[in-house]
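Right, one structure below, let's go through it.
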Amino acid sequence: MLVKIASAAVLGLEAYQVEIEIDSSRGLPGQSIVGLPDAAVRESRDRVRAAIENSGFEFPPGYFTINLAPANTRKEGPLYDLPIALGMLLVSEQITAIELADTLVVGELSLDGGVRPVSGLLAICFSLAKSHRRILVPKENAAEAALIKGLEVIPVSSLKEAAEYLSGQTKIKPYQVDLEKLLSVPSEDLLDLIDVKGQGHVKRALEVAAAGGHNILLVGSPGSGKTMLARRLPTILPPLSLNEALEVTKIYSVVGLLAEKGSLVTRRPFRTPHHTTSDIGVIGGGRIPRPGEVSLAHFGVLFLDEFPEFDRRVLEVLRQPLEDGQVTISRAHSALTYPAKFMLVASMNPCPCGRLYDAKPGCSCSPTQVHNYWRKLSGPLLDRIDLQLEVSRLKVDELAALPQGESSKIVRQRVIAARQLQLDRFGGQQVFCNAHMAPQQIRKYCFLEPEAKQLLKAAIVHLNLSARAYDKILKVARTIADLVGVSTIETQHIAEAIQYRSLDKKGGEARV
Amino acid sequence: MGKESYEIGQRGEDLAAEYLANHGYHILSRNFRSQQGEIDLIASDRDFMVFVEVKNYSFRSFGLPSAAIRREKRQSIIHAARTYLYRNRIKNKNCRFDVVAIYRRLDGSRVIELFQNAFFLT
């Protein structure tokens, strides 16, 4: 006797169908699972036995061969428990299935027969919605699975319930969610730009960065508010579109972090990996490949505090995703690609003791120490950071006296308007914001007023800027002009953009 | 193995066989041996072929008897079962491994317990 049930496996952010074939034969009792199962899949044997017995069914006698086809890919995780258990009930004719056509089944079983949630379900539904009609999912995952249209999502909470559904004894209403409603729920941000006093120039720089998708480096003394400011960057970024939200949700689903975020990720991610994070942790990978921090920050912000404290390897692996917006991880048996379109916000102290910019008590580092501290940041990496600026500490009386700035809401409106201008400009060119302009596009779109050109030339000569810095200034100036809705870049825009190259100017001072 | 313990073992198997017979088992063979294994009792129970291991305990203090069958012993029983099925050309019959545990309570009364489906091929 042979039974087949369709299930799925996740590879990267894609999924493919796994057919579970169960053959029973009379003979000595036992079962074997073939088709490259990993430990969690092989252990399902014991869970399935207990779950079947504790659900009021009989564990069938005889020998069972369970094949997970295609047999040449590695199967991971406990999501085959439920289909295997249902298959064993079918093959021993304890239940009959009238509802198995075009149906996918996934779910982990607990020993009492309950169905536990699994990870990666959104990716599965996304990839297999076209080829299947229906999916049986753990109840906890139903909201996530229902985000994909065109797939009937049947939530089940126990093996018994699933068996009764398949045999037509009970009807279960397909789970449905209202996508528009989920997305329009105002994300209540506890953070607001208004919380930060003073530091107007940093707020302005963040606005420019948000408007053009530029990466930004904040250099400043400890306690000057770098972290506080960076945390508020997501509040001025435009809200996620539906497609963006789905893509981000998919990543979180695969990693199994969705539970804490609800069914749909509606806020831009803000990731702050600690500086002890390994290169694999940042970029993704591992024996069982998993998206790293750069992918978890997809369409959001990756904030690296204490930038030079990160391992050199970590900093260098960032270069490729910063350039390509995705990460390809090649391993012996497969190559996976994870999206990684993020804004990099880095912050650091100006020197190891952190007081280089302070008059009192002053810096206690030797020039060599400062030199070595900065040397950890390679030129190619800094080149990918369009805005660099210094953040100084506020004095006590300044803290008390300064008026409150604008709220995130107001700034965000300007950012959205600027982004819309860029979208219109780049329409259909695979570029969505100024930061990603190719040299050709820079020539085409960064149109300078004659006076502005003069200023830029002077700056290049006097500040000894490189050709690369020249392009960066143009890109940033383009964004600044977009923020006020002007098509030609004017002197004031160039002047502001030049300010954001503080490290280049310091060429001989801080960076040797 | 000393003569005394052999007799204790024999007596245990007699008790187990009697117990199983009373429960509808039909004893087919006793002390079946293959090259690398042995089975205390082989019986048929309705549609099932049952391979029975008899465990004799002087007292019960080390957990459930079925759990006390070690891997090597299980392998030995499985090997013998395969040999038996092969020699007698038995195919297409569902099989089962049972364990009969015999022990005495503290007050001296004897207990015989049957564990059906005690283990499986691994």
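In what follows, every chain begins at residue 1, and chains take the letters A, B, ... in the order their sequences are listed.
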Do the numbers put A:R45 on top of the ring of B:F120, so that NZ or CZ is under 6.0 Å from the six-membered ring centre and no more than 45° off the axis? no
For A:D46, look at atom CG and say whether over 12 heavy atoms of other residues, nucleotides or ligands are found less than 6.0 Å away. yes
So which atom in B:N94 and which in A:G62 form the shortest heavy-atom distance, rounded to 0.1 Å? OD1-CA, 3.4 Å
Looking only at non-hydrogen atoms, find the nearest pair between A:P29 and B:C95 and report the distance. CD-O, 3.5 Å
Could you tell me whether B:K73 atom NZ has more than 12 heavy atoms of other residues or ligands within 6.0 Å of it? yes
So CZ of A:R49 and CG of B:N117: to nearest 0.5 Å the spacing works out to 7.0 Å
If you draw a 6.0 Å radius around CZ in B:R11, do more than 12 non-hydrogen atoms from other residues or ligands fall strictly inside? no
More than 12 heavy atoms from other groups under 6.0 Å of OH on B:Y86: no
With a 4.5 angstrom heavy-atom cut-off, is it the side chain or the backbone of A:F59 that approaches chain B, or both, or neither? neither
A:E58 atom CD, neighbour heavy-atom count above 12 within 6.0 Å: no
Taking all non-hydrogen atoms of both residues, which atom of B:K93 and which atom of A:R26 are closest, and how far apart? N-CB, 3.6 Å
